[in-house]
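One structure is given below, encoded as structure tokens.
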Amino acid sequence: MNYDAVTELALSRGFYFPSCEIYADAQAGFWEYGPLGVALKNRYVELWRRELVRRDGMLEIDGSQIMSRSVFVASGHLESFNDPVVRCTKCSSVHRADRLVGEVLNTIVPERMADGELGALILKHGIRCPKCGGELGSVSRFNMMFKVSVGADGSDAYLRPETCQSIFVDFARLFKIMRCKLPVAIAQVGKSFRNEIAPRQSLMRLREFYQAEIEVFCNPRRLDAIDRFDEVRDVMLRVQDGDTLHEVSAEQAIRKGIVPNRLVAYYLALLSEFYSKTGIDMSRSRFRRLAEDEKAFYATVAYDFEVHTSLGWVELVACNYRSDHDLKGHMLLSKENMEVMDVEDGNSKVLPHVFELSMGIERSIYCILEHSLQEDRENDRLVLRLRPYLAPVQVGILPIVKKDDVEAKALEVFRMLRKEFDVFYDDSGSIGRRYRRLDEIGTPYAITIDRQTLEDGTVTIRERDSMNQVRVRIESLRDELAGRLRPP
RNA sequence: GCGGGAUUGGUCUAGUGGUCAGGAUGUUGGCUUCCCAAGCCAACGGCGCGGGUUCGAAUCCCGCAUCCCGCACCA
């Protein structure tokens with residue numbers, strides 16, 4: 001389906017909707033999860049834990065969202081998490097100063113060139129507005145971090161612009177107390193905050209959003225020494241490099257040099273296996289290798305996991321090789337030693353490098369919804385074909401008619417199941433109407449209580465996708481449902 | 001932030017100055033109904049915010065906000 005259909009479903013059924021919408025001063029880029037959205041998100045995160053955190057033996061932390069100024073001095077965000085811009089004094093359009101200068105002078109402008117220097121170059125070469133030819137103003141910066149003041153004296157701190165900084169500042173302690181050996185991965189789910197200039201497309205570009213991040217700390221001399229690689233050597237990867245889409249196994253990707261080392265290939269494979277279980281159509285996905293000018297300021301090699309939707313290609317996960325950018329920065333500023341021993345490398349001291357998988361949860365949720373929502377013309381219904389283990393409401397409980405004895409029995413079944421499963425009891429409207437309502441929110445199973453139930457203690461389980469029904473005994477319902485709702 | 005379009009019950013929408021803002025869908029209650037959006041009765045619920053023009057504004061003007069598209073940026 002498309003963006004409009006997903007948005008309409010989200011608004012009308014409570015997956016997500018704009019924040020503070022009853023007030024006129026509500027700001028763009030903030031959205032709330034409604035009841036169904038929370039449940040879907042929680043199940044998504046649980047699958048992420050299962051397929052990545054537990055599978056790989058990662059450590060998970062939950063850091064604070066407000067972090068001290070020094071963190072972002074060390075990480076480079078205060079310096080680099082912004083773009084130099086110039087505004088035209090005539091038409092007031094805004095341009096990237098570094099790109100403009102680079103284009104006109106036909107050179108590459110160093111990323112960290114000072115604003116004054118850029119301004120001087122603009123003056124010296126008489127660069128004017130490319131749109132209207134007007135005179136350009138002075139170079140300024142827009143930092144994307146939200147500044148907050150803490151305590152009575154109001155000292156500066158910032159809302160973290162990416163969750164991973166918590167992991168980096170905690171690294172030395174965690175490595176010691178958790179008896180870590182390289183390579184080790186530390187994971188975190190939490191909120192990040194970016195003061196986007198133009199938030200857009202509901203869940204796709206938010207100012208406050210969830211990330212699930214994984215930071216893999218590794219010895220840069222041993223990037224091919226991953227014994228776990230054997231588990232994924234046959235996993236197929238779709239890697240886009242320039243104009244070429246390679247569809248290869250993880251093993252072939254290494255042999256053909258499409259992915260630089262086994263460590264990167266291993267984690268791309270884990271990610272690929274994870275996403276194939278979310279219900280996203282993997283034939284509409286790719287790992288796109290980023291060109292030099294597309295990468296974040298801290299990355300040396302970067303792949304974006306992208307999914308094609310009605311909005312075009314959407315970036316769900318940034319996979320960045322951050323080298324020792326962060327640990328080195330924090331080590332220099334904090335004086336905390338971040339070097340660790342690598343016993344596998346002759347007991348040498350090493351400052352670990354980092355490969356990260358930085359996942360946008362809202363974007364993932366959106367893609368799952370768009371790829372799962374289908375119009376079933378034959379049966380005149382809208383069906384959200386979520387994988388059963390991701391569905392917000394897992395089971396509908398429906399008395400076939402509203403009659404005392406049938407209702408009583410249905411309520412009995414409902415009470416029996418409600419603590420173990422997310423069940424929804426519905427006795428209003430015709431049975432077909434109730435099935436349709438459940439289909440639209442992705443409920444995989446509906447249990448119907450009818451007259452036969454009163455006679456022989458069996459109920460029907462109706463499957464959302466096939467609309468088929470089977471009869472099972474009430475006593476076996478619990479096991480039956482648990483089996484059907486278990487992740488693969 | 002710039003340019004363009006839009007904003008009417010939960011959702012989709014009709015309505016371009018003048019009767020109680022109409023419909024569809026939905027929701028709630030009732031009747032009917034034993035397997036896939038049936039029917040009947042009743043009820044609920046709306047003009048994004050602020051200012052202006054006018055005897056009178058959902059409708060015209062201005063400002064703001066939000067949403068959508070393009071540019072730019074990004075998980």
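In what follows, chains are A, B, ... by sequence order, proteins preceding strands, each numbered from 1. Just so it is clear, the values below take in all heavy atoms, side chains as well, and ignore hydrogens, waters and symmetry mates.
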Sorted by position of nearest nucleotide on RNA chain B, 5' first, the leading residue of A:Ile361 and A:Tyr23 is A:Tyr23

Among the nucleotides B:rU33, B:rC34, B:rA37, which one has an atom lying closest to any side-chain atom of A:Ile400? B:rC34

Set of ring-ring contact (aromatic ring centres under 6.0 Å, His included) partners for A:Tyr275, sequence neighbours left out: A:Phe305

Given B:rC35, B:rG70, B:rA37, which nucleotide is nearest the side-chain atoms of A:Ile431? B:rC35

Complementary nucleotide of B:rU53, counting Watson-Crick and G-U pairs under 3.5 Å: none

Is the shortest side-chain N/O distance from A:Tyr435 to OP1 or OP2 of B:rC35 below 4.0 Å? no

Report the base-pairing partner of B:rG26 (Watson-Crick or G-U wobble, both distances below 3.5 angstrom), or none. B:rC44

Only pairs under 3.5 Å count here: list side-chain donor-acceptor contacts from residues 201-208 of chain A, not counting sequence neighbours, and write none if there are none.
{"unit_1": "A:Ser202", "atom_1": "OG", "unit_2": "A:Tyr3", "atom_2": "OH", "d": "3.0"}
{"unit_1": "A:Arg205", "atom_1": "NE", "unit_2": "A:Ala198", "atom_2": "O", "d": "3.2"}
{"unit_1": "A:Arg205", "atom_1": "NH2", "unit_2": "A:Ala198", "atom_2": "O", "d": "2.7"}
{"unit_1": "A:Arg207", "atom_1": "NE", "unit_2": "A:Asn195", "atom_2": "OD1", "d": "3.4"}
{"unit_1": "A:Arg207", "atom_1": "NE", "unit_2": "A:Glu196", "atom_2": "O", "d": "3.0"}
{"unit_1": "A:Arg207", "atom_1": "NH1", "unit_2": "A:Ala28", "atom_2": "O", "d": "2.9"}
{"unit_1": "A:Arg207", "atom_1": "NH2", "unit_2": "A:Glu196", "atom_2": "O", "d": "2.8"}
{"unit_1": "A:Glu208", "atom_1": "OE2", "unit_2": "A:Lys191", "atom_2": "NZ", "d": "2.8"}

B:rA75 and B:rA65: how far apart are their P atoms, nearest whole angstrom? 26 Å

Can you check whether A:Lys402 has a side-chain N or O nearer than 4.0 Å to OP1 or OP2 of B:rC31? no

Who does B:rU59 pair with, Watson-Crick or G-U, both distances under 3.5 Å? none

Contacts of A:Asn2 meeting side-chain hydrogen bond (donor to acceptor under 3.5 Å, both in side chains) (sequence neighbours excluded), chain-then-number -> none

With rounding to the closest Å, how many angstrom separate the C1' atoms on B:rU8 and B:rC47? 4 Å

What string of B, S and - do you get for nucleotides 38-49 of chain B, 5' to 3', when a contact is any protein heavy atom under 4.0 Å? S----------S

The Watson-Crick or G-U wobble partner of B:rC31, with both key distances under 3.5 Å, is B:rG39

Return the nearest nucleotide to the side chain of A:Arg205; candidates are B:rU11, B:rC68, B:rC73. B:rC73

With sequence neighbours left out, what residues match A:Tyr321 under ring-ring contact (aromatic ring centres under 6.0 Å, His included)? A:His353

Residue list, side chain to side chain contact (heavy atoms under 4.5 Å, CB included) with A:Lys402, at least two apart or on another chain: A:Glu407, A:Asp427

Who is the Watson-Crick or G-U wobble partner of B:rA65, with both distances under 3.5 Å? B:rU7

